[in-house]
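Here's the structure, in structure tokens; my notes come after.
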Amino acid sequence: MTASTAQRALPDKPVLEGLEAKWGEVWAEEGTYAFRRPASRDDVFSIDTPPPTVSGSLHVGHVFSYTHTDTIARYQRMRGKRVFYPMGWDDNGLPTERRVQNFYGVRCDPSIPFDAGFQPPAKPDPKRQVPISRANFIELCHELTAVDEQAFEDLWKQLGLSVDWSTLYTTISASSQAVAQKAFLRNHARGEAYLSYAPTLWDVTFHTAVAQAELEAREYPGAYHRVAFHRAGGEPVYIETTRPELLPSVCALIAHPDDERYQPLFGSTVTSPLFGVEIPVLAHPAAEPDKGAGIAMCCTFGDLTDVQWWRELNLPTRTVIGRDGRLQAETPEWIVNAGAYEPLAGKTAFSAREATVAMLRDSGDLDGEPKPTTRMTNFYEKGDKPLEIVATRQWYIRNGGRDEDLKRRLLERGRELRWTPEHMAHRYENWVGGLNGDWLISRQRFFGVPFPVWYRLDGEGEPDYENPIVADEASLPIDPVTDCPPGFSPDQRDQPGGFMADPDVMDTWATSSLTPHLATGWERDDELFGLTFPMDIAPQAHDIIRTWLFSRVVRAHFENGSLPWKRATISGFVVDPDRKKMSKSKGNVVVPTDILDKYGSDAVRWRAAMARPGMDSPFDETQMKVGRRLAMKVLNAGKFVLTLAQDPGGLAAVTNPVDLAMLAGLRDVVATATSAFEEFDYTTALEAAESFFWSFCDDYLELVKERAYGTQATAEEAASAQAALALALDVQLRLFAPILPFVTEEVWRWTRDGSVHLAAWPSVDELPDGDSALLADVATALIAIRGAKSTAKVSMKAEVARAAFAGPAAVVSRLRTIEPDLRAVGRLVGDVTWAEGDGPLTVAVDLADQA
């Protein structure tokens, strides 16, 4: 292509506005990012893209982390890989239910029959939600998620994610439900999934069990109450508790076996205040002698320590708080003084606490007044009230929490995995090493993947939980609430001698733990699965290493005997300028569409790529201006170069020392950026490319433009500049392409067919060698010349009557070879002298008469 041909294709005035829509449409039409199956797994780069929760809202942290993944995908595509880059939506579970409840003003009541003509309230009131059937509620969940998913897709396209949208999946689709149910059935058949009736962390607001990984410790105000337990013929035994409402459920007092204060009491009994229940005094090493009175009441259940004592000391179960967070309505059979319980029956934990304290005060069993305190209490991460512990029947998957051999093997899996950055491996180790129970995967909710399980009912209508009926894999997906088990008819549902459905759904993590299997066609497309699994990277934030990352390792370990991917790439959080995590409640959230519309996607992507892997990054909107300036400079520099330069090629044409030096410097940048991207370090790659680009624009372009125009140079010298400019632009567009996809595509297509994103990543072999030290010499010389003119407050175009260069012999020797370019850029119209010296390079300038 000649310079004149290039000029005819150039725009009059390049602009950033509209590039996202323009190129997004072209990429979709041309199938630029479509995954085309190769013959070998070695030719594929496969990504386990995090499926965002569509019931929430995307924030700037999502924009940053998904951009990080996209830069890697684009780099690998340019390296010649067939990039398998799917997208999914995580659209089931409690977050979706909450959004539907608030949006439509409804709540699910499974006892209500389906209403085929149901319409949600015209004026929804989240505080007065209308009860509707399970089927109607699920319909609304599907309806609203479809709207949310389209908004998410539009945002990702505006950002320029190079995903293959034909691979889109949702975690609640029929296909995904079949995958999740099949994986569960196989876990169950191998003994990795099991049903157990046991103490369970329970959220009383949402009426569902909660897994260990979903806990959030928060400060909670309370008070210590010093309460007397009585013993025959002796002084009272005082305990200090923040949960006096649990006195009806006390099954033992526990002290440390070495605590001399209580050793005489071990093996004896005391009587509980108010309720008159005889309670044993026992020893256990988990008791803390220096906490409170040094002796504690064990209730079933106040906290996880109570569960430990109950299990290890074989204590009776005396549960009084139910799933609704209220004390049971009937007086428990073990209560001796039934009249003391009556004022508490049916009350919330808070109200029962107040009533119990009043009764203790009246009975004289409260020693002094309650002492206010603040304690750390477990909450469900999405809940607003402290968790209770109630005995429930739940499904679990083994995860090493109760099996040291399995824990060891899962720790080894973490060591097999490559981590970016490496120190994130410690978070995995710490989480797995600290597990104290198996993974609870069932939830008492509605919009999720049902367990493909039923239970036989005996003649009394009691379910046989020991021998569940499981669905056949060929029948999946199924809903046991509407489908019948083999050998039964619909009229036998919930009848003695018939069957009942498992009423629960899988936790959303139990489905998203299978994203590698959902995306790669496990059990549905053997060829695709063979080409893409195990996947190459698992990008995600560091806060869900304990949940999403670990759960995927568990499922692949059981099902495939391997890791689900080769490397985990971890992004940090985006925080506000005060380094506080962004949240709606704090009012510091940045809406992604606002900054994308205001600054352009390339500017936002530039800022995202400046956030190093695994590091939290303070957000300052003014930084987007820097990214926008860079994007605009790429457009303008691209146009300027293409007005002068021929198509890159024919390196023999590059003969001038400074042209060779510039290309040699670019050669070093290519090596640095390539090495960085190979280590998944997009930030270092960007820094190297950007630093060179600004020097290229500020120094090299200014230095050689007169020679490139050919007005005051030989044809050979002009050709050298033009060839160097063309090659440098070509390489730099490809270096920037993973970060700035829109402006690089725009400039590339001014003079070329095909996408820059399908072009080959630049190689050092494309660039000639030269003395790159000359570039630093030029920069120093230009700073001196420009500084003299700036000090004199004259135009940079002012002429220089005399310039005296002095410095080390090597520097002087290099600069003398390009004196014509220095004369042109500095307007050195008079004498130029050169002198060797010991100090750094200096340039003395005498300006010409400006009259």
Side-chain angles (χ1 to χ4, degrees), residues 633 637 654-673 684 687-708 712-713 717 720-721 724-725 728 732 764 767-851:
K633 191 68 173 180
V654 182
T655 56
N656 185 281
V658 77
D659 300 337
L660 291 168
M662 182 273 293
L663 294 175
L666 184 54
R667 180 187 177 103
D668 293 339
V669 172
V670 169
T672 298
T684 297
E687 288 173 341
E690 184 180 2
S691 176
F692 182 89
F693 176 72
W694 286 117
S695 175
F696 172 80
C697 294
D698 295 342
D699 296 336
Y700 179 78
L701 278 181
E702 292 299 317
L703 182 71
V704 305
K705 66 181 180 182
E706 295 297 333
R707 176 158 55 88
Q712 298 178 359
E717 286 293 306
S720 178
L725 285 167
Q732 289 180 96
V764 294
L767 296 158
D769 208 353
D771 191 350
S772 59
L774 178 54
L775 291 179
D777 302 336
V778 168
T780 303
L782 293 181
I783 288 171
I785 296 169
R786 291 165 178 164
K789 294 181 180 181
S790 179
T791 301
K793 297 182 179 180
V794 298
S795 167
M796 291 297 122
K797 295 181 180 180
E799 294 182 341
V800 174
R802 188 184 71 84
F805 292 79
V811 175
V812 169
S813 176
R814 287 191 293 264
L815 286 174
R816 292 192 70 169
T817 64
I818 60 163
E819 183 175 322
D821 285 339
L822 289 172
R823 282 183 173 275
V825 70
R827 300 294 194 269
L828 311 182
V829 297
D831 293 337
V832 173
T833 63
W834 303 90
E836 297 179 2
D838 295 332
L841 176 70
T842 61
V843 185
V845 172
D846 291 337
L847 296 173
D849 187 358
Q850 302 300 307

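Along the sequence shown, the residues carry numbers beginning at 1. Fair warning: this is a prediction, and the values are worked out from it, not measured in the lab. Because only heavy atoms are used, hydrogens play no part in the values below, and waters and symmetry mates are left out as well, while side chains stay in.
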Discussion item. Apply side chain to side chain contact (heavy atoms under 4.5 Å, CB included) to residues E706 and V825 and explain how you reach the verdict.
Written reply: CA-CA 8 Å; E706 295 297 333; V825 70; over 6 Å; no
Worksheet item: Can V658 and L703 be said to form a side chain to side chain contact (heavy atoms under 4.5 Å, CB included), step by step?
Response: CA-CA 9 Å; V658 77; L703 182 71; 3.5 Å; yes
Discussion item. With side chain to side chain contact (heavy atoms under 4.5 Å, CB included) as the criterion, how do F692 and M662 come out once you've worked through the C-alpha distance, each side chain's angles and the decisive distance to 0.1 Å?
Written reply: CA-CA 9 Å; F692 182 89; M662 182 273 293; 4.0 Å; yes
Discussion item. Test side chain to side chain contact (heavy atoms under 4.5 Å, CB included) on L841 and L815; report intermediate values, then the result.
Written reply: CA-CA 10 Å; L841 176 70; L815 286 174; 3.6 Å; yes
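With a 4.5 Å cut-off on side-chain heavy atoms, S695 and L775 do not count as touching. A 4.5 Å side-chain heavy-atom check between L774 and P657 finds at least one atom pair inside the cut-off.
Residues satisfying the ring-ring contact (aromatic ring centres under 6.0 Å, His included) test with F805, not counting sequence neighbours, are W834.
Residues V670 and V764 share a closest heavy-atom pair of CG1-N, 3.9 Å. Nearest heavy-atom pair across A637 and L701 is CB-CD1, 4.4 Å. Contact between A724 and Y700 at its shortest, heavy atoms only, is CB-OH, 3.4 Å. A pairwise comparison of heavy atoms in A835 and V812 identifies O-CG2, 3.5 Å as the closest pair. Nearest approach of G839 to P808, heavy atoms of both residues: O-CD, 3.0 Å. In terms of heavy-atom proximity, Q732 sits nearest to L666 at CG-CD1, 3.9 Å.
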Please tabulate, for the side chains in residues 776-796, all donor-acceptor contacts under 3.5 angstrom to protein atoms that are two or more places apart in sequence or on a different chain.
| unit_1 | atom_1 | unit_2 | atom_2 | d |
| --- | --- | --- | --- | --- |
| D777 | OD2 | R814 | NE | 2.6 |
| D777 | OD2 | R814 | NH2 | 3.1 |
| T780 | OG1 | A776 | O | 3.0 |
| R786 | NH1 | D699 | OD1 | 3.2 |
| R786 | NH2 | D698 | O | 2.8 |
| K789 | NZ | M796 | O | 2.8 |
| K789 | NZ | A798 | O | 2.8 |
| K789 | NZ | G826 | O | 2.9 |
| T791 | OG1 | G787 | O | 2.9 |
| S795 | OG | K797 | N | 3.0 |

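Under the 4.0 Å criterion applied to side-chain N and carboxylate O atoms, D659 and R707 are assigned as salt-bridge partners.
The distance from atom CG of L828 to atom CD of E799, rounded to the nearest 0.5 Å, is 10.0 Å. Distance CG/D769 to CG/L663: 10.5 Å, rounded to 0.5 Å. The line from CZ of R667 to OG1 of T672 is 12.0 Å long, rounded to the nearest 0.5 Å.
Note on residues 781-802: no pairs pass ring pair (Phe, Tyr, Trp, His ring centres under 6.0 Å), not counting sequence neighbours.
R802 contributes no side-chain N or O that, together with a main-chain N or O of D831, makes up a donor-acceptor pair within less than 3.5 Å. For S720 (side chain) and N656 (main-chain N/O), a donor-acceptor pair under 3.5 Å exists by modelled atom type.
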